[in-house]
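Written out below as structure tokens is the structure these notes cover.
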Protein chains: 2
Amino acid sequence: MSLEVGIKDVALRAGVSPATASNALSGARPVSKETRQRVSAVAEAMKYRPNLVARALRRQETKTIALLVGDISNPYYPAVARAIHDRIGAHGYVSFIGNTDGDPEAEVRVLEEMRARSVDGVIMGTMALSSERIRSVVGPTMPLVLLTGEALESPEHQVRQLRADEVGTDDSIGIREAVAHLRNKGVTDIGYVSGPLGSIPGTDRLQRFRDAMEDAGLRVDDRWIGFASGYTLETGYDAAERLLAPSDRPAAIMCANDLIAIGVLEAARDRGLVVPTDLAVVGFDDIPTAKHVSPRLTTIINPATLVGYACADALMRRIEHPDVPFEHTALPTHLIARGSA
Amino acid sequence: MSLEVGIKDVALRAGVSPATASNALSGARPVSKETRQRVSAVAEAMKYRPNLVARALRRQETKTIALLVGDISNPYYPAVARAIHDRIGAHGYVSFIGNTDGDPEAEVRVLEEMRARSVDGVIMGTMALSSERIRSVVGPTMPLVLLTGEALESPEHQVRQLRADEVGTDDSIGIREAVAHLRNKGVTDIGYVSGPLGSIPGTDRLQRFRDAMEDAGLRVDDRWIGFASGYTLETGYDAAERLLAPSDRPAAIMCANDLIAIGVLEAARDRGLVVPTDLAVVGFDDIPTAKHVSPRLTTIINPATLVGYACADALMRRIEHPDVPFEHTALPTHLIARGSA
DNA sequence: CTGTTAGCGCCTTCAT
DNA sequence: ATGAAGGCGCTAACAG
């Protein structure tokens, strides 16, 4: 005598077989209008809710996806997560969130867990794992969207090898805008604080910076390149300390994300440097806090909500049409000038 | 010829029955050391991963919980979510996150969805629904932890009626500290910006404020009580505009959360008011941004990580021991004085 | 200690 | 248009 009402209970009370009850409710097969209405009424009256675990086992689809990010408490991600959540929710999906802290072993472990839970797809903001490795863990057919910090240039064949859709941002736009903005103000001694050396988004973004500098005819001084050991305010602070110590410090510092940039801001203040006069600072992401630090952070807008929607759309498309060509979406980034540069 | 290896495949290759293979791996029943080792070796070699959906159906437990909050992109929640995630992960659980936007209908809908997915427990930061209503939706036996913005005073019988564990914060501590802090500075004209009128955490916190004022021998002027229409910066800004317009505006404003407080800060700045001289502002939560606005926000620390751990611990306890008495945990809050008051 | 049987709740053949 | 039967993958319960 369980408290849950199952399809059998509904069928019994409606005087039909479980199969017919199922079909009446799902519309999978034609059912006489009369019985359909009766079954529906009974189901509603009994507050029948299909057991989604059983349905998942039978249908071999869980209506579940995994969202794997470095750290959900990093303020950039909640906006992405929220957008994904809303969009997939409209398709009847819910998501598991996994934090990996950028640790390769954790990434593998969480991926395996999600695979064991038979998620219908994975959206992964990888920090450490290569796409091949990810693919090898989730199996050859799992719908997979890579949330790359940076949309890699995509020769057709490479995307095909990944057998994954990619969503990212075209970081070079915003980074070039930032470099141009600084140069217009007459600052050419530009440094950069990247994320951890091994991390994928960090490395790519740094390369975009180098390219932008070169194209602008500016020299990048390697002593002015710093590596934060994480993507946090504290690690940004520490990295800035090293860059700002020498007497020939840079006149501007661009950063791999806003948290790092805010750390740089604090480090500058603690050294008695006035921003932006003594030191200009440019962030990346435009997290909500960016508007409220002092001076307000000049940064590069990373359209988190659009990124989330694009991820969700790509995954839904892949699940529904496994064989359409893999796509590679790059959302534009743009500089927003505020007080810090 | 599926690509997934199942327990049958392992059993076949190890030369035992599926049941024995299952027992060998789970240790549910004694198995000879020799066969156990052989089965383990085969399972590892074949990279066997049990199908958790099938296991869930059979065992009638999904190792899954639901975390329902108003809006995951509110910066207070990610820290809670992360703490819960980490703690339940150690027990083999993963979580579904649901956003409800404080909409009662959405709360019901999401709860029903989670119930249909057979989650083993629910942690809910309700905005609108009464505990009775929640209980009626999830059924009488679902382990349930209420993440109350405020720990209600708990006559034994009330908690028992809820048949839920509760985790909250003792807001009166921090609020009293804040009132005392302001009075020590000679400010007695203290206003308050609450959250939406109907919202449960907002209402409770406002009552704590009234109590603290009364106990401090201070009068609360109802014209100085504002209601933000949400828990966001923008709604806080709007509410502040109304409070600050009259010539006899308050000398200080306390707020239901930090986002609202930051909105108040901006409104004050836009009116040419200097904080804290012309207007003192006190927030609630101590979100990461609080340290970085200017002036730095004086606020009441809401120990998000501890709250998350407490929620997770309460839920794990309830799942493992359904009959232990219901508990009611109140974490202390404390004022942290920075620049804004 | 091990194997066989049965069934979690649902849905999709296949048969009528 | 409906019903009966079987099985998704796993593991309890029941033999042996």
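Here is how names work: the chains are called A, B, and so on, in the same order as the sequence lines, proteins then strands, and each is numbered from 1.
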Problem set entry | Side-chain donor/acceptor contact of A:Arg58 with base of C:dC11 under 3.5 Å | yes

Rounding to an integer number of Å, can you tell me how far [X] [atom1] sits from [N] [atom2]?
| X | N | atom1 | atom2 | value |
| --- | --- | --- | --- | --- |
| B:Lys8 | D:dG9 | NZ | C1' | 7 Å |
| A:Arg38 | D:dA1 | CZ | P | 15 Å |
| A:Ile7 | D:dA4 | CD1 | C1' | 16 Å |
| A:Gln37 | D:dA1 | CD | C1' | 16 Å |
| B:Leu25 | D:dG9 | CG | C1' | 14 Å |
| A:Gln60 | C:dC10 | CD | P | 16 Å |
| A:Asp9 | C:dC8 | CG | P | 12 Å |
| A:Asn23 | D:dT2 | CG | P | 10 Å |

Would you call [X] and [Y] a salt bridge, taking side-chain N to carboxylate O under 4.0 Å as the test?
| X | Y | result |
| --- | --- | --- |
| B:Glu112 | A:Lys47 | no |
| A:Arg317 | A:Asp313 | no |
| A:Arg82 | B:Asp101 | yes |
| A:Glu113 | A:Arg117 | yes |

Between [options], spot the one nearest the side chain of [X], thanks.
| X | options | result |
| --- | --- | --- |
| A:Ala54 | C:dG9, C:dG3, C:dC1 | C:dG9 |
| B:Asn51 | D:dC10, D:dC8, C:dC10 | D:dC10 |
| A:Leu57 | D:dC10, D:dG9, D:dG3 | D:dG9 |
| A:Val31 | D:dC8, D:dT2, C:dT2 | D:dT2 |

So, [X] side chain and [Y] main chain: donor-acceptor pair closer than 3.5 Å or not?
| X | Y | answer |
| --- | --- | --- |
| A:Arg135 | A:Gly139 | yes |
| A:Asp86 | A:Ala83 | no |
| A:Asp120 | A:Thr62 | yes |

Look at the side-chain N and O atoms of [X] and state whether any lies under 4.0 Å from the OP1 or OP2 oxygen of [N].
| X | N | value |
| --- | --- | --- |
| A:Thr20 | D:dT2 | no |
| A:Arg55 | C:dC11 | yes |
| A:Tyr48 | C:dC10 | yes |

Exercise. Where each residue is assigned the nucleotide of DNA chain C containing its nearest heavy atom, which of B:Val16 and B:Arg59 is assigned the position nearer the 5′ end?
Worked result: B:Val16

Could you go over nucleotides 14-16 of chain C and give all protein N or O partners under 3.5 Å, atom names and distances?
residue	atom	partner	partner atom	Å
C:dC14	N4	A:Arg29	NH1	2.8

Exercise. In Å, rounded to the nearest 0.5 Å, how long is the span from CG of B:Asn51 to CG of B:Leu57?
Worked result: 10.0 Å

For this session: Could you check whether B:Thr35 gets within reach of a base, just the sugar-phosphate, or nothing at all, counting any heavy atom under 4.0 Å?
Result: sugar-phosphate

Exercise. How is A:Pro50 classified with respect to the nucleic acid when contacts are heavy atoms under 4.0 Å: base, sugar-phosphate, or nothing?
Worked result: sugar-phosphate

